[in-house]
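Worksheet: one structure, shown below.
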Amino acid sequence: MTSIDVRDLRKDYGPIRAVDDVTFTVRPGRVTGFLGPNGAGKSTTLRVALGLDRPTTGRVTIGGRPYRSAPQPLRLAGALLDAGAALGARTARDHLRCLAYSNDIPHRRIAEVLAETGLEAVARRRVGTFSLGMRQRLGIAAALLGDPPVLMLDEPTNGLDPEGIVWIRELLRRLAADGRTVLVSSHLMGETARTADHLVVLGRGRLLADTPMADFIAAHSSPRAYLRTTEPERLRDLLAAVGLAGAPDGDGRWCLPDITAARVGELAAAGGVPLLELTDAQVSLEEAYLRLTADATQYAATRNPATGG
Amino acid sequence: MNVTAVLRSEWAKVHTVRATLAALACVPLATAGFTALACATHEPGAGAADFDPVHSSYFGLGFGQLAALCFGVLVVTGEYRGGALRMSLAAVPRRGLFYGCKLAVVGGLGLAVGTVTGLVSFLVGQALLGEDGVGLGAPGALRAVLGCGLYLGLIAVLAAGVATVLRGPVAALGLLVPLLTFVQPVLGTGSPAFRVTRFLPDAAGQSVLHTTPWAGLGPWSGLAVLAAWTLLLAAAGWRALERRDA
């Protein structure tokens with residue numbers, strides 16, 4: 001099994017601690033969303049995983065070994081880092097060719113990944129003339145080049161048009177369905193909610209969460225129930241009796257915080273209040289994420305005022 | 001990882017970028033071109049007693065060397081633009097292998113193009129020297145031709161080493177060009193300063209082109225001094241690359 005194992009990872013850049021004793025495992029067969037505010041340590045973790053940065057303490061292994069020791073590293077893990085990371089003077093095809101040679105990757109893979117990423121038509125154009133979206137696709141092509149069982153993509157949706165974002169979503173789902181290990185960092189909560197099965201959240205270098213998506217949302221949000229009733233007066237009294245306050249909006253729809261639909265249903269049935277509609281609100285990942293990171297920031301700020309933002 | 005694969009990749013990186021190929025092509029063009037200019041104005045038979053026909057064929061080497069420096073610098077600094085180094089090191093994470101193969105390609109191409117430069121510049125120069133011209137069989141002639149190749153190969157590797165430390169082309173060329181093309185020629189061979197400046201990489205290495213007695217080092221000891229400079233600066237590059245986070 002080719003998991004990514006991050007163990008007790010710490011990385012200091014001078015006096016700044018970018019990653020602070022983080023441990024988690026990214027497992028194959030699912031898309032793992034890698035979240036956290038800017039400067040949380042996501043990119044640093046990925047760079048250490050690829051052997052680009054040396055950890056201060058701890059280690060990252062891929063499939064049980066350090067990335068650096070892989071005989072053909074591009075066949076073990078593919079990575080997208082800062083929009084392609086290619087020299088502008090080279091054509092897209094030549095960029096891939098230079099990478100393929102170094103890892104003994106068969107030539108046909110170049111054509112395959114160019115087709116996969118929709119870059120066939122511009123393969124002979126210099127990378128310097130590419131838009132951000134095209135560079136992003138080239139970076140993904142490079143990540144896929146070695147047909148690796150592990151993929152680490154740092155903000156792959158950056159600069160992509162809506163069509164490209166849909167393409168990335170389907171690509172990630174497909175790679176995970178193949179049984180690959182897919183770690184994707186993103187600031188787009190809506191996209192992450194649609195693609196990821198599991199979440200790893202960092203905040204100020206610390207691990208804030210490592211849970212399935214559904215558990216994460218449930219843990220970091222409070223329930224809300226929506227309902228309609230024909231007897232608002234009686235319902236208000238009923239709620240007041242259990243310490244809840246509520247009022248209908250202009251459309252006659254009620255939104256009750258901190259209570260589940262099931263509990264409201266029980267109360268209404270016991271009180272004999274007819275309900276026309278009763279549902280749990282769908283809490284968004286964004287909401288849950290912002291709540292978690294806001295708490296974490298506050299916690300860190302009160303605990304450690306000296307280190308600043 | 002295997003060395004052949006990484007060498008192939010490094011060679012592909014050189015020949016897929018026009019600027020590095022252009023710099024390489026300029027080495028023989030500039031050397032032979034400026035040599036031709038100098039030798040075409042030579043008056044046969046009017047030369048001084050210490051006239052060195054072989055050395056005259058390398059008048060243009062100072063110009064060709066600029067191209068060799070640019071070549072060595074560009075090959076390395078291309079990696080530091082647009083984050084390309086991260087992708088390169090992701091593909092070849094063993095930095096010793098990566099750096100070694102890069103320098104081998106730079107040195108190998110420098111040597112090959114330098115040897116061609118040595119031969120072409122020699123033939124062009126001698127043809128234009130008229131009756132003062134000599135053949136490849138003349139004492140020291142073949143040594144100069146091959147020495148020119150070794151000289152340019154070492155200079156290119158030295159430039160790559162410095163560029164790895166400094167990372168930017170402006171900084172690297174800003175240091176290398178004055179140091180290797182101005183200092184010794186401006187101070188000249190006559191001044192007392194030459195006792196020191198003859199050990200600079202350019203003056204020492206170019207000793208191999210002299211066939212008549214001169215104030216500098218011997219042909220092979222001079223080249224050995226250049227080789228020591230190259231080794232030192234390549235090692236400095238290695239130390240920087242090995243220690244830094246990419």
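First the proteins, then the strands, lettered A, B, ... as listed; each starts at 1. Keep in mind that this is a model prediction, so the values were computed, not measured.
- Ranked by heavy-atom pairs under 4.5 Å with chain B, the first of A/Val48, A/Leu50, A/Leu74, A/Thr91 is A/Leu74.
- Closest approach of B/Ala91 to A/Pro73, counting heavy atoms only: O-CG, 3.4 Å.
- Residue contact with chain B, scored on non-hydrogen atoms closer than 4.5 Å, involves the side chain of A/Arg47 exclusively.
- The CG atom of A/Leu87 sits 9.0 Å away from atom OG1 of B/Thr20, with the distance rounded to the nearest 0.5 Å.
- Counting heavy-atom pairs under 4.5 Å between each of A/Leu145, A/Val127, A/Asp104 and chain B puts A/Asp104 at the top.
- Listed here is the closest heavy atom pair of B/Val92 and A/Ser102: CG2-CB, 3.7 Å.
- When each of B/Arg94, B/Arg95, B/Glu79 is scored by its heavy-atom pairs under 4.5 Å with chain A, the top score falls to B/Arg95.
- The environment of B/Arg18 atom CZ is sparse: at most 12 non-hydrogen atoms of other residues, nucleotides or ligands sit within 6.0 angstrom.
- With respect to B/Lys13 and A/Asp94, no salt bridge is recorded, no charged nitrogen being found less than 4.0 Å from a carboxylate O.
- Applying the 6.0 Å contact sphere to CZ of B/Arg239 captures no more than 12 heavy atoms from other residues, nucleotides or ligands.
- When each of B/Glu10, B/Arg244, B/Arg86 is checked for heavy-atom pairs under 4.5 Å with chain A, B/Arg86 comes out on top.
- A/Arg30 CZ: more than 12 foreign heavy atoms inside a 6.0 Å radius.
- Between atom OG1 of residue B/Thr16 and atom CZ of residue A/Arg126 there is a gap of 11.0 Å, rounded to the nearest 0.5 Å.
- Taking CE of B/Met87 as the start and SG of A/Cys98 as the end, the distance is 11.5 Å to the nearest 0.5 Å.
- Panel note: side chain B/Ser9, backbone A/Leu99; no donor-acceptor pair is recorded below 3.5 Å.
- Remark: B/Trp229 CH2 is loosely packed, at most 12 non-hydrogen atoms of other residues, nucleotides or ligands lying under 6.0 Å away.
- B/Arg81 CZ: 12 or fewer foreign heavy atoms inside a 6.0 Å radius.
- For A/Arg97, the part lying under 4.5 angstrom from a heavy atom of chain B is the side chain only.
- To the nearest 0.5 Å, the span separating CG on B/Leu89 from OH on A/Tyr67 amounts to 9.5 Å.
- Only the backbone of A/Ala70 comes within contact range of chain B, with heavy atoms under 4.5 Å apart.
- Contacts between A/Ala89 and chain B at a heavy-atom distance below 4.5 Å involve backbone atoms as well as side-chain atoms.
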> Could you go step by step and tell me if A/Tyr13 and B/Asp245 meet the side-chain contact (heavy atoms from CB on, under 4.5 Å) rule?
Replying inline: CA-CA 10 Å; A/Tyr13 293 105; B/Asp245 285 334; 3.6 Å; yes
